[in-house]
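Report on the structure given below.
The basis for the numbers below is simple: all heavy atoms, side chains too, and nothing from hydrogens, waters or symmetry mates. Chain naming here is simple, since letters A, B, ... match the order of the sequence lines and numbering starts at 1 in each.
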Amino acid sequence: MKYVDEFRQHHLAQKLAAAIGREVDSAREYRLMEFCGGHTHAIFRYGVQDLMPCNVEFVHGPGCPVCVLPIGRIDNAIHLVKQHDVILCTYGDMLRVPGSGRQSLLKVKAAGGDVRMVYSTLDALRIARDNPGRQVVFFAIGFETTTPPTAVAIRQAQAEGLTNFTVFCNHVLTPAAMRSILESPAVPGMAPVSIDGFLGPAHVSAIIGSRPYEFVPAEFRRPVVIAGFEPLDVMQSALMLIRQLNEGRCEVENEYTRVVNRRGNVKAQALVAEVFELCHAFEWRGLGLVAHSALRIKDAFGVWDAERRFSIAGVSAPDSKGCECPSVLRGARKPAECRLFGTVCTPENPMGACMVSSEGACAAYWSYGRLRQPPVAIKVEAVR
Amino acid sequence: MCLALPARVIAIDEHGEMATVALGGVKKDISLILVDEVQVDDFVLIHVGYALNKLSEKEARRTLALFAEAGLTGDGLS
Ligand code: SF4
């Protein structure tokens, strides 16, 4: 596929690996947090970690919107189907995420609940048009990438006077999450995470641009490189971070210039700003309550807000017992350090969201890294 | 969840709001409402049925050239 295959070429990966090998300073460590699940997925699927010198480590971040949604919000969605008999539309990733009591939307659907997987908000609108006698709720999740399509749907519902359509909004913001991770060493009870630099979001930045990350070098003295999701993008971005660290530079750089600029997609930003406003605080799995980290629907569009129409109450539900998702999401623990990993918790029978989403670190470890042995130094003797 | 794929625009409707794109051998109808000034043959990034942004051919080529140069930087040996 054009603009995909070229960014996966093996011989270029070897070149980049050689360059990284030459440029790293063996006297130090490089702990690079890849913020997004899309990066985590690429790193595992293409074995990027294996191409890195042993003192360059990828720390997996919280950038998977499925993984960070707290159980209480899943419980809310399940409640909407069971108690209010709505047609609940959502993206496929959400169906298998466990809520309280090992319930999931998929199980609710199997028991007769009207849960529908949609590819796009356009499908959810169509379902609402086709079912005028039913309440249709779009269970909206996602980062800045996925928010503009929800804003478009709400505006469209308003334009059409579609009053049986509402949105249960769970759109969260990446810069606030980065700030939370950088500040978390100071949070009592949370293990500090040491990070030397960030691979910044790819498609989120296509919308918001690279500018919102400028506080990271300015306030926290950590470099950021906006990185595409293909394996060569990840490697080039790691090289750019390593160079910044070696040279003592600290700025926001952009590797993904074919899609991202500093300002982002201004038209999409304006649509989002018209429909949504900042939420005072939102609970993230792994990060807890994060100030100004989510969006809610403005009063002017309150008619299309499921939280208002169905008086959805905020519930705080505990994660599955033994599940280490909260630490995994902050890069404080590796999936294999969770006692449930691969025994009780597998993709077929997930205990936590990080095992459900293909971008979750646990799912990535399970699918691509489970059988990998620790690197062994191989000595090659010259044949005489 | 944030994955988006580059696709070539093969047709645009008369309002300029919907387009047909070629995505890995299949045709898909997507919304153009989030992007301005898209033309047939442009590449756009598709996510949940919407074009998020245009893709710059020039920048893509420049980035690929950077990768190819990587083996030549540093001490000049590779
Ligand atoms: S392995 Fe399963 S239970 Fe353990 S942290 Fe990952 S998702 Fe949670």
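When side chains are defined from C-beta on, A/F7 counts as touching B/T63, because their heavy atoms get closer than 4.5 Å. A heavy-atom distance below 4.5 Å is found between the side chains of A/Y3 and B/E57. Taking 4.5 Å as the limit, every side-chain heavy atom of B/L34 sits out of range of all side-chain heavy atoms of A/K267. Inter-residue side-chain proximity for A/D233 and B/F67 is flagged as met; some heavy-atom pair is nearer than 4.5 Å.
In this structure, chain B has heavy atoms under 4.5 Å from both the backbone and the side chain of A/L232. For A/F229, the part sitting under 4.5 Å from any heavy atom of chain B is the side chain, from C-beta outward, and nothing else. Only the side chain of B/R62 comes within less than 4.5 Å of a heavy atom in chain A; its backbone stays farther off. Residue contact with chain B, scored on non-hydrogen atoms closer than 4.5 Å, is absent for A/I20. With a threshold of 4.5 angstrom between heavy atoms, A/Y119 approaches chain B through its backbone and through its side chain. Looking at A/S357, neither its backbone nor its side chain comes within 4.5 Å of chain B, counting heavy atoms on both sides. Of the atoms belonging to B/I33, heavy atoms from both backbone and side chain fall under 4.5 Å from chain A.
Going from atom CG of B/L66 over to atom CD of A/E255 covers 8.5 Å, rounded to the nearest 0.5 Å.
No side-chain N or O of A/Y256 forms a donor-acceptor pair with one of B/E59 less than 3.5 Å apart.
Below 4.5 Å, heavy atoms of chain A meet heavy atoms from B/M18, all part of residues 11-18 of chain B. Annotation: residues 25-32 of chain B contacts chain A through B/K28, B/S31 [non-hydrogen atoms, separation under 4.5 Å].
Using modelled atom types, one side-chain atom of A/K15 and one backbone atom of B/A68 make a donor-acceptor pair closer than 3.5 Å. Using modelled atom types, no side-chain atom of A/K2 and backbone atom of B/P6 make a donor-acceptor pair closer than 3.5 Å.
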Without placing hydrogens or testing angles, list every side-chain donor-acceptor pair under 3.5 Å for residues 47-55 of chain B, not counting sequence neighbours.
unit_1: B/H47; atom_1: ND1; unit_2: B/L3; atom_2: O; d: 2.9
unit_1: B/H47; atom_1: NE2; unit_2: A/T146; atom_2: OG1; d: 3.0
unit_1: B/Y50; atom_1: OH; unit_2: A/T121; atom_2: OG1; d: 2.7
unit_1: B/N53; atom_1: ND2; unit_2: A/A206; atom_2: O; d: 2.8
unit_1: B/N53; atom_1: ND2; unit_2: A/V259; atom_2: O; d: 3.3
unit_1: B/K54; atom_1: NZ; unit_2: B/E37; atom_2: O; d: 2.8

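Checked against salt bridge (charged side-chain N to carboxylate O under 4.0 Å, His left out), A/E6 has no partners two or more places apart in sequence or in another chain.
Atom CZ of A/R263 is surrounded by 12 or fewer heavy atoms from other residues, nucleotides or ligands within 6.0 Å. Atom CZ of A/R8 is surrounded by more than 12 heavy atoms from other residues, nucleotides or ligands within 6.0 Å.
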